[in-house]
Amino acid sequence: MLNAFKKHIDDQFPMLREQRFLLACSGGLDSVVLAYLCAASNLDFAIAHCNFQLRGEDSEGDEKFVNNLAHSLNKKCYITHFNTNDYIKKHKVSMQMAARELRYTWFSVIMAKKELKILVTAHHVDDALETFLINLSRGTGIDGLTGIPARTSTLARPLLAFSREDIIAYAKSHRIEWREDSSNSETKYLRNKIRHEIVPALKELHPTFLENFKQTLSHLADTAALVENYVAHLKANIFKKEGRITMINIEKLQLHPQKAILYSLFKDYGFTAWDDIAHLLTASSGKEVRSHTHRLVKDRENLMLERLDSPDYSVYEIQEGQGEIQQPIPLKIEGVPSMGELVEDVLYLDQETLKYPLLVRKWEKGDYFYPLGMKGKKKLSKYFKDEKVDVISKENQWLLCSDGAIVWVMGRRADDRFKVTDKTNKIIKIELN
């Protein structure tokens, strides 16, 4: 196995020969064998161990074992302790989820502190099969059937090419000791039930079942790559970035199979309500669907994708003589001898019409102004409707105000009451950067 492992590293994980990495070790069979294989392959690594304090003396024994293992391999060992039960109560998650969240967060911290770019874990092909079956039992798409990725930008799993039988055989032939976690034999957990009851039955069906499964994973990964390339092509043609908003033409979403395409296009933004998104295509303007991180808003012929941030209801002041502000939006303020070119991002004002401090704030329902060049006042809501301003742009609209009156719908329209006239003595230029 060692020769096969070395070749696998050279072929698929050359970066592990080029830099020091962090190896996660529980003290169990898989991670202990991985540590020995990496050491025998002359790879440079440190060992990390988490004590979740869930099994009393057994947890302490695991910690001591891993510490001794690291010492015998002449490797640095990082160890941490978690009060996992408190975390479970506080975050209301399962024990498995709590342990996962705690350890991967800590691994990231250690890697950042020690400038280690890659975490290596001991997942093998049997783990991939178990994950495949778990996802299959819960209902999944192709993403859930492609198994555990062999590597990402920060994670490597070099044992995925090997089976649990390979690992056991190597450990026994080299008289390697490891720690047994008694909870791994309990079939009350879904993964353990699959591991001890279902996988053995599947292996009995065909002597090369695991090899056939690896081939299936390879075929599924190729299919997933085709889908990913197609979706990337769709996004390049359909998604149009306009500042903080992405515009998506609804007519271009009339593709088949529509729900599958919607899933592929929007899954990375946290959306799961696929029926709601499909209905959004024919909904009235202003309707929206939200995920935890983003929202999709229907606006006439488009969907508008925006990342969710906390709304800014703050009011910002500009004092007399102040030359610029950066928050909430960059503005440059200066006195000028005459007016220059009239563009949307530049405003010229009669200084004597202003009362300081000027205020910058978001628009509110009931706001009105006197649009430059028009007679009489107009509600902002009516102005936005006439100008076909989309929902998200309205929500993000900033106003420049003086003594309660709107001076400028910033970047769009000035108020007639503050304009420069023949009687103006001092001109103020405000530029929106």
Side-chain angles (χ1 to χ4, degrees), residues 21-40 45-111 113-114 116 119-124 126-127 130-131 134 155 157 159 164-197 199-200:
F21 57 86
L22 189 68
L23 189 150
C25 184
S26 65
L29 168 68
D30 306 331
S31 57
V32 169
V33 167
L34 177 60
Y36 275 103
L37 287 169
C38 289
F45 63 95
I47 288 175
H49 175 77
C50 300
N51 184 339
F52 295 103
Q53 301 185 107
L54 291 170
R55 298 183 295 113
E57 292 183 0
D58 285 344
S59 292
E60 302 306 314
D62 292 346
E63 177 182 328
K64 183 177 180 180
F65 176 85
V66 173
N67 199 32
N68 290 338
L69 170 66
H71 181 74
S72 69
L73 296 177
N74 196 28
K75 300 297 180 183
K76 180 69 177 177
C77 187
Y78 304 109
I79 293 175
T80 192
H81 302 82
F82 296 117
N83 191 329
T84 311
N85 284 323
D86 280 358
Y87 186 91
I88 292 170
K89 292 175 184 176
K90 181 178 179 180
H91 296 276
K92 295 180 173 56
V93 294
S94 67
M95 184 177 71
Q96 291 86 350
M97 183 58 69
R100 176 182 174 80
E101 291 175 359
L102 287 168
R103 69 175 177 267
Y104 278 104
T105 299
W106 180 67
F107 290 152
S108 297
V109 171
I110 288 295
M111 291 169 69
K113 285 183 178 179
K114 304 303 177 181
L116 303 172
L119 172 69
V120 172
T121 65
H123 295 90
H124 47 73
D126 290 69
D127 292 321
E130 293 162 12
T131 300
I134 289 172
L155 190 61
R157 298 182 175 100
L159 285 186
R164 182 175 280 113
E165 290 179 357
D166 295 331
I167 295 168
I168 292 174
Y170 183 83
K172 289 183 176 179
S173 65
H174 290 78
R175 298 181 180 179
I176 294 173
E177 296 182 355
W178 67 87
R179 297 276 294 178
E180 287 286 0
D181 184 345
S182 59
S183 66
N184 287 337
S185 62
E186 298 176 4
T187 56
K188 65 179 181 180
Y189 301 117
L190 177 59
R191 182 175 290 274
N192 286 355
K193 191 172 186 67
I194 288 173
R195 176 179 301 169
H196 296 300
E197 297 179 7
V199 170

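The basis for the numbers below is simple: all heavy atoms, side chains too, and nothing from hydrogens, waters or symmetry mates. Because the structure is predicted, anything quoted here is derived from the model rather than measured.
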As an exercise, state the distance from [atom1] of [X] to [atom2] of [Y], rounded to the nearest 0.5 Å.
X: Asp166; Y: Arg164; atom1: CG; atom2: CZ; result: 11.5 Å
X: Met111; Y: Leu155; atom1: CE; atom2: CG; result: 8.0 Å
X: Arg55; Y: Thr84; atom1: CZ; atom2: OG1; result: 11.0 Å
X: Arg100; Y: Thr105; atom1: CZ; atom2: OG1; result: 10.0 Å
X: Lys193; Y: Ile134; atom1: NZ; atom2: CD1; result: 13.0 Å

Side chain to side chain contact (heavy atoms under 4.5 Å, CB included) between His49 and Phe65, intermediate numbers included:
CA-CA 10 Å; His49 175 77; Phe65 176 85; over 6 Å; no
[X] side chain near [Y] side chain, heavy-atom distance below 4.5 Å:
X: Lys172; Y: Ile168; answer: yes
X: Leu116; Y: Phe45; answer: no
X: Thr131; Y: Arg191; answer: yes
X: Thr121; Y: Tyr104; answer: yes
X: Trp178; Y: Asp30; answer: no
X: Leu102; Y: Cys50; answer: no
X: Leu54; Y: Phe82; answer: no

For [X] versus [Y], what's the shortest heavy-atom pair and its separation?
X: Leu23; Y: Ala35; result: CD1-CA, 3.9 Å
X: His124; Y: Ile167; result: CD2-CD1, 3.5 Å
X: Leu159; Y: Ala122; result: CD1-O, 3.9 Å
X: Ser26; Y: Ser31; result: N-OG, 3.1 Å
X: Ile88; Y: Val93; result: CG2-O, 3.1 Å
X: Arg195; Y: Asp127; result: NH2-OD1, 3.8 Å

Are there over 12 heavy-atom neighbours, none belonging to [X], within less than 6.0 Å of that residue's [atom1]?
X: His81; atom1: NE2; answer: yes
X: Gln96; atom1: CD; answer: yes
X: Lys64; atom1: NZ; answer: no

So, the side chain of [X] versus the backbone of [Y]: is there a donor-acceptor pair under 3.5 Å, distance only?
X: His91; Y: Tyr87; result: no
X: Arg179; Y: Val66; result: no
X: Asn51; Y: Glu63; result: no

Under the criterion side chain to side chain contact (heavy atoms under 4.5 Å, CB included), I'd like the reasoning laid out for Val32 against Glu177: C-alpha separation, chi angles, the key distance, then a yes or no. CA-CA 8 Å; Val32 169; Glu177 296 182 355; over 6 Å; no
Determine whether Tyr78 and Val109 satisfy the following criterion, side chain to side chain contact (heavy atoms under 4.5 Å, CB included), listing intermediate values before the conclusion.
CA-CA 11 Å; Tyr78 304 109; Val109 171; over 6 Å; no
Q.
Under a 3.5 Å threshold, yes or no: a donor from one side chain and an acceptor from the other, between Asn83 and Gln53?
A.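 No, no side-chain donor-acceptor contact under 3.5 Å.
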